[in-house]
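These notes concern the structure reproduced below.
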Amino acid sequence: MDRIITLAEIKKARAALPPAVRRTPIIPFSSDSPEVGAERLFLKAENLQVTGAYKVRAAFTILAALSPEERAKGVVLTSSGNFAQAFGFAGGLMGTPVTVVMLDRTSPYKVAATEGYGAEVVFCGDDALGRQPAVERIAGERGMTAIDTWEEPMGTTGHGSLGLEIAEDMPEVETVLVPVSSGGVAAGVGAAIKETLPGVRVVGVQPERANAAYVSLQKGEPTAIDYWDSIADGLSAVRPGAFPFRHLQKYLDEIVLVSEADIARAFRSLLMRAKIMAEPAGAVAAAGFLSGKVDTGRKTVACVTGGNVTAEMAQKMMEMAGE
């Protein structure tokens, strides 16, 4: 399948989202008092989204595309936490049983939150590339629908609603920063922004040691990395999905890399200056701006994609920021 999602599809998906999915605000960020009123960085606060992250947009879009029979039998997918919570929440509202395959190293906070929304969690070890085979096995055994969140077109389409809101609420934006893992949210946001405001730069941001999409763009095809070491556990993909990757090639102007210290300092700045609590992956896009990896003279929106963070992780981030 080599198609690209359309702006019409993104608009249709956004219109079909239930009232539970929030239109999140765009908040100005100032690094100090003299900058107030002259901000160049703005934060799309998806940490304030229901379930604490953007992925509920895609979860509802994917489930809505299934037949009533498929929804009744249930779905199984893999997730590092935020998609798991999103599907648990959406499945509860739509009467769809949800099973989630997780790595053993997944944050206990995210495991508990997923189960709290009513989803079942099944662990599969620590091989990230072994998660989808486990999904397919469980689906076959239980008669459920297997969801490949890396490759599901409706997921990318649902994520596009985030970019559509940015384009509508801040049409004067010059740069949009979005974190990249398997590529779905960057693909959807990139498509929505570029098809609405073609002059806007869309820049992906990845941790230096979790840079599969960056490597893949250099090689011209989805490529797996043989290393992964980042505090941003929500960006756990060791290769991008083939479907979103085509969108990254078409719509991203570039991908920039940030260090672990950059992420921690961005976390601290968002918390102390903007009163925004971001999980490590949710702070990555802002880290691209705050570390100077992009042109800071341009009016920029950074997607704060999630805020599901434990007190222990928040303390660790603050300690890293001070080192």
Side-chain angles (χ1 to χ4, degrees), residues 1-5 10 53-55 57-59 61-62 77-84 86 101-103 127-133 135-136 146-160 162-163 176-194 201-230 232-258 263 280-282 284-285 287-288 293 303 305-306:
M1 182 172 54
D2 58 2
R3 76 175 186 89
I4 298 290
I5 62 172
I10 294 172
Y54 71 99
K55 290 190 175 182
R57 299 172 180 271
T61 302
I62 292 170
L77 64 141
T78 181
S79 168
S80 61
N82 283 334
F83 239 148
V101 174
M102 288 184 166
L103 297 177
D127 178 8
L129 293 179
R131 292 181 297 182
Q132 196 58 33
V135 166
E136 301 292 341
I147 304 294
D148 185 346
T149 57
W150 286 11
E151 303 294 354
E152 173 53 58
M154 297 307 293
T156 297
T157 304
H159 291 325
L162 175 57
V176 173
L177 304 179
V178 59
V180 188
S181 183
S182 61
V185 67
V189 169
I193 293 293
K194 288 290 191 178
R201 284 180 60 81
V202 180
V203 178
V205 188
Q206 285 197 297
E208 293 173 346
R209 295 286 299 175
N211 65 341
Y214 177 86
V215 171
S216 297
L217 284 181
Q218 288 184 322
K219 293 183 176 295
E221 61 182 2
T223 302
I225 55 175
D226 58 4
Y227 53 86
W228 191 96
D229 182 21
S230 177
D233 63 300
L235 305 180
S236 62
V238 295
R239 67 162 175 81
F243 181 79
F245 182 71
R246 288 194 294 276
H247 297 72
L248 304 186
Q249 288 180 304
K250 180 174 182 178
Y251 292 119
L252 290 196
D253 290 282
E254 64 175 327
I255 292 179
V256 299
L257 303 179
V258 293
I263 298 169
V284 163
K293 302 296 172 58
C303 297
T305 47

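Values in this document were obtained by computation on a predicted structure and should not be read as measured data.
Listed here is the closest heavy atom pair of Glu151 and Pro244: OE1-CD, 4.0 Å. What you find for Leu177 and Gly288 is that their closest heavy atoms are CD1-C, 4.4 Å. Closest heavy-atom contact between Thr156 and Ala187: CG2-CB, 3.7 Å.
Rounding to the nearest 0.5 Å gives a distance of 11.5 Å between CG of Leu252 and CD1 of Ile193. Atom OG of Ser79 is separated from atom CG of Leu103 by 9.5 Å, given to the nearest 0.5 angstrom. The CG atom of Leu77 sits 11.0 Å away from atom CD of Glu152, with the distance rounded to the nearest 0.5 Å.
Looking only at distances, a side-chain donor or acceptor of His247 sits under 3.5 Å from a matching main-chain atom of Ile5. Between the side chain of Ser216 and the backbone N or O of Pro222, no donor-acceptor pair lies under 3.5 Å. Between the side chain of Thr78 and the backbone N or O of Val101, at least one donor-acceptor pair lies under 3.5 Å. Of the possible polar contacts, none joining the Thr157 side chain to the Ile10 backbone as a donor-acceptor pair under 3.5 Å is found.
No side-chain heavy atom of Pro240 sits less than 4.5 Å from a side-chain heavy atom of Val180. Within the 4.5 Å cutoff, the side chain of Tyr214 has no heavy atoms near those of the Glu208 side chain. In this structure, Ile4 and Tyr251 have side chains that are in contact, with non-hydrogen atoms separated by less than 4.5 Å. You'll find the side chain of Val176 stays beyond 4.5 Å of the side chain of Arg201, heavy atoms only. Taking the side chain as every heavy atom from C-beta outward, Leu235 and Gln206 never approach each other to under 4.5 Å. Considering only heavy atoms from C-beta on, Leu162 comes within 4.5 Å of Val185 through its side chain. By the 4.5 Å heavy-atom criterion applied to side chains, Ile255 and Val203 are not counted as neighbours. Residues Val258 and Val205 are in side-chain contact: their nearest non-hydrogen atoms beyond the backbone lie under 4.5 Å apart.
Residue Ser230 is tested with Pro280, Pro207, Ser236 for a side chain to side chain contact (heavy atoms under 4.5 Å, CB included); the sole match is Pro207.
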- [ ] List the steps, then state whether salt bridge (charged side-chain N to carboxylate O under 4.0 Å, His left out) holds for Lys194 with Asp253.
- [x] CA-CA 10 Å; Lys194 288 290 191 178; Asp253 290 282; 2.9 Å; yes

Task: Criterion side chain to side chain contact (heavy atoms under 4.5 Å, CB included) on Trp228 and Arg209, from CA distance to verdict - done: CA-CA 6 Å; Trp228 191 96; Arg209 295 286 299 175; over 6 Å; no

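Remark: Phe245 CZ is packed, more than 12 non-hydrogen atoms of other residues, nucleotides or ligands lying under 6.0 Å away.
Annotation: Phe83 is in aromatic contact with His159 [ring centroid separation under 6.0 Å].
At a threshold of 4.0 Å, the pair Arg239-Asp226 does not count as salt-bridged, since none of the basic side-chain nitrogens sits closer than that to a carboxylate oxygen.
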